[in-house]
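Atoms within each ligand, like the ligands themselves, are counted from 1 in listed order.
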Amino acid sequence: MKKTAFLALAVMVSALSYAGTPQSRLTANDKKINAIIAKMTLEEKVQMLHSKTIMSSEGVPSQGIQEIRYADGPFGIRDEVGDGFRPMNWTTDSATYFPTGSALAATWSPELAYRYGHGMGVEGRKRGKDVILGPAINIQRLPVGGRTYEYLSEDPFLAAALAVEYTKGSQDAGTAVCVKHFALNNQETNRGSVNVIADERTMRELYLKPFEAAVTKGGAMVVMPAYNKVNGYYCSENNHLLNEILRGDWGFKGFTVSDWGGTHSTVGAAMGGLNVQMTGDNYFGKALIDSVNAGIVPMSVIDSKVRELLRVRFAIKAVPADVANQSTASQPESRRTAYDVATKSVVLLKNEGGVLPIKPSVKKIAVIGHNAVALTARGGVGAGVKAPYEITPLQGIQNRAGNVTVTYAEGYTLPQTGGWGRQQAAAPSMDLDLMVQAIKAASEADMVIYVCGTSKSIETEGSDRSDIKLPLGQEELIAAISAVNPNIATVIISGGPCDLQKLDKYSPAIVQGWWNGLEGGNALADILFGKIAPSGKLPFTFPIRLEDSPAYAMGNFPQRSTASAGNGDLFTNMYRQDLGGNRNAARTNTVPDAEYSEKLLVGYRWFDTKEKPVMYAFGHGLSYVDFNYGTAKANKSSYKAKDVIKVTFNLTNEGTMEADEVAQLYVHYTDSKIERPYKELKAFKRVTVGAGQTAQVTLEVPVMELRYWDESVNGWVLEGGSIELMIGSASDDIRQSVTVNI
Ligand code: BGC
């Protein structure tokens, strides 16, 4: 395609209007809001632009407009906290513990994401909250990332589809979402000061995509600028991100609230697009008033900030005081959603010899591993919830065991919650006594369910894992168990990927079980006993070795740090007593830049393009049945920019039980003139098919979804040519392909 045609398309895109979009509902009260602003003093306005308490910001008391109340987090309405995040120990602040982000993503189900968001929204209101600090939707760039479990996926298309529905669900229930952390907060190492260097195309096509979708398609009302810098500027004062892209290109009408402790300046942040400083008022308090009085920050800028806040305040009705926090927020419907998400998220990675589902001949099961009894609702620093109950894997297996005898041995111990993550978690070492007991239990059983993995002290906000190895002798333990009983099904309880090279040798069946919410144990047991066929698909790649993954292979992570004070983490420094609450400690560190020179080649995009083997591929997940993909047909052979490509095929369940399959469609440009990943996910569908039945499946790709970001025109451009539509059960299991022209 010629450059002139490129330009025409780019112009067409930039001329898009935002009238009638999900954002435009926020402007419905602008007249009323402007009248209110006209009556406000500068002091009243600025009062709204910083924290009132650790989890609220001020309204307009003189005009009867209530404060805005925030609550973590992405997977359950967090319990009430006071200054310094002290727990308030209320008796009415429990809420449903939903499966964490990567588990939700493993369902590949926008429908479930909507129900999940809706449940969060309903419970948010029961807790008297206006804004949920979530969903957390950054791309999982590093296998070691401390917040991988909160985040959704390494793929922007999957993350976007889920973020949109979570957003709609919550906001339909009357609670605004605050999508976080905007943007490129893909590592916890030095997150408070690291400067991420990424080119515009990489940002637009990969890292910003889920945010763009949540704002433009989901109508997200609040956005949280991240701790880190992007291309030289802190996110909370990043004019390009907040003003040019978020407000300009995406038409965002709501407000931004800095991550807690992530505001760094008065004028920079005020002009750079931040609405609310969280927490404190050292920048957006008196200093901001002075800047306005000195004529440095125009009053119109302050008015815009207040207007954007009031738009959300008007769109979200404040919960009456006599409704909030009357009893536990947890609702039966949310718990049902949590169970459904959990059952659809469990990923069967491997099932040699059909070890699973558990056979009727198995009369005695030894459940082995600390993670079979570990509680996971809390921990990991910010994200956590006071669950009314939590069914552990062991309890779930006991609940569903019927006549089967279940024994338990701990095998190893893991540090659990730990205040600020790993810094304070004393790491215990391998425990030989526990090992011996576990081996004995295994030798006396027909089958072993080995529950291993990490904990929320190992995967946590504020630090990244140093490796992805299964910790604390878990590999040695399974080797010893397999010598006495090789009939093992392993369940990995973790939020991110683990190195499975050793485990793989000893375990004929492996299941990824996630941190799966308060019904997680029941859901897991229903899969293990074969009541439900597993149908989760990996939302990220399991590399063979950590070093194979792109940021490591390119030498971009870990960055060699000369940091000396704290861990370079603003948030944890702010509340750590040993640093005397010195929130600037992190800023004095010399932290090397995080170069994203692998560009678009993150996750499977890297492994596919570089033809590197992986342990388990993005999109992988087995079932107890086989699915046959019939011949795929496209509805046309050639498409224009405004068309929607429709590919139809028959999907047959060849097994003897009902099962779900997630059919995936990847696009490969066969003769592209520009650099692209080998293939990219562009459509998927979860389908339920009865035993022996056939379903007709149609996957749709709007041609506009195929545009790439052209830096020379600073816009989205469609490249014409021949594309292969690759349809399959995983990114490495393509069953059908159709070639069409654009
Ligand atoms: C986290 C946010 C969280 C906030 C408030 C920060 O440390 O990065 O995700 O919403 O704390 O708890």
**Q** Taking 4.0 angstrom as the limit and counting only heavy atoms of M224, give me the atoms of ligand 1 inside it, by number and element.
**A** 10 (O)
**Q** Give a yes/no on ligand 1: does E150 have at least one heavy atom closer than 4.0 angstrom to it?
**A** no
**Q** I want to know if ligand 1 touches W260 in the polar sense, i.e. an N/O pair below 3.5 angstrom.
**A** no
**Q** Please confirm whether Y227 approaches ligand 1 to less than 4.0 Å, judged on its heavy atoms.
**A** yes
**Q** Classify the ring geometry of F98 against Y116: parallel below 30°, tilted from 30° to 60°, perpendicular beyond 60°.
**A** tilted
**Q** State whether a side-chain donor-acceptor pair under 3.5 Å links S258 with S236.
**A** no
**Q** Evaluate the ring planes of Y207 and Y596, with Trp represented by its six-membered ring, and classify them as parallel (under 30°), tilted (30 to 60°) or perpendicular (over 60°).
**A** tilted
**Q** For K286 and D281, what are the C-alpha separation, side-chain angles and deciding distance, and is it a side-chain contact (heavy atoms from CB on, under 4.5 Å)?
**A** CA-CA 8 Å; K286 183 173 180 304; D281 65 355; over 6 Å; no
**Q** Any chance you could lay out the side-chain contact (heavy atoms from CB on, under 4.5 Å) test for W514 and S102, step after step, and finish with the verdict?
**A** CA-CA 8 Å; W514 313 112; S102 48; 3.6 Å; yes
**Q** Distance under 4.0 Å to a non-hydrogen atom of R78: what atoms of ligand 1 satisfy this?
**A** 12 (O)
**Q** Would you mind listing which atoms of ligand 1 come within a distance below 4.0 Å of any non-hydrogen atom of M55?
**A** 5 (C), 12 (O)
**Q** Show which atoms of ligand 1 fall inside a sub-4.0 Å distance from at least one heavy-atom site of K180.
**A** 2 (C), 3 (C), 9 (O), 10 (O)
**Q** Hey, looking at atom 2 (C) of ligand 1, which of I132, V257, L133, D259 has the closest heavy atom?
**A** D259
**Q** Just jot down the ligand 1 atoms closer than 4.0 angstrom to any heavy atom of R147, in number order.
**A** 1 (C), 2 (C), 8 (O), 9 (O)
**Q** How far apart are the closest heavy atoms of R125 and K317, and which atoms are they?
**A** NH1-O, 2.7 Å
**Q** Is the Y234 ring parallel, tilted or perpendicular to the H264 ring (thresholds 30°, 60°)?
**A** parallel
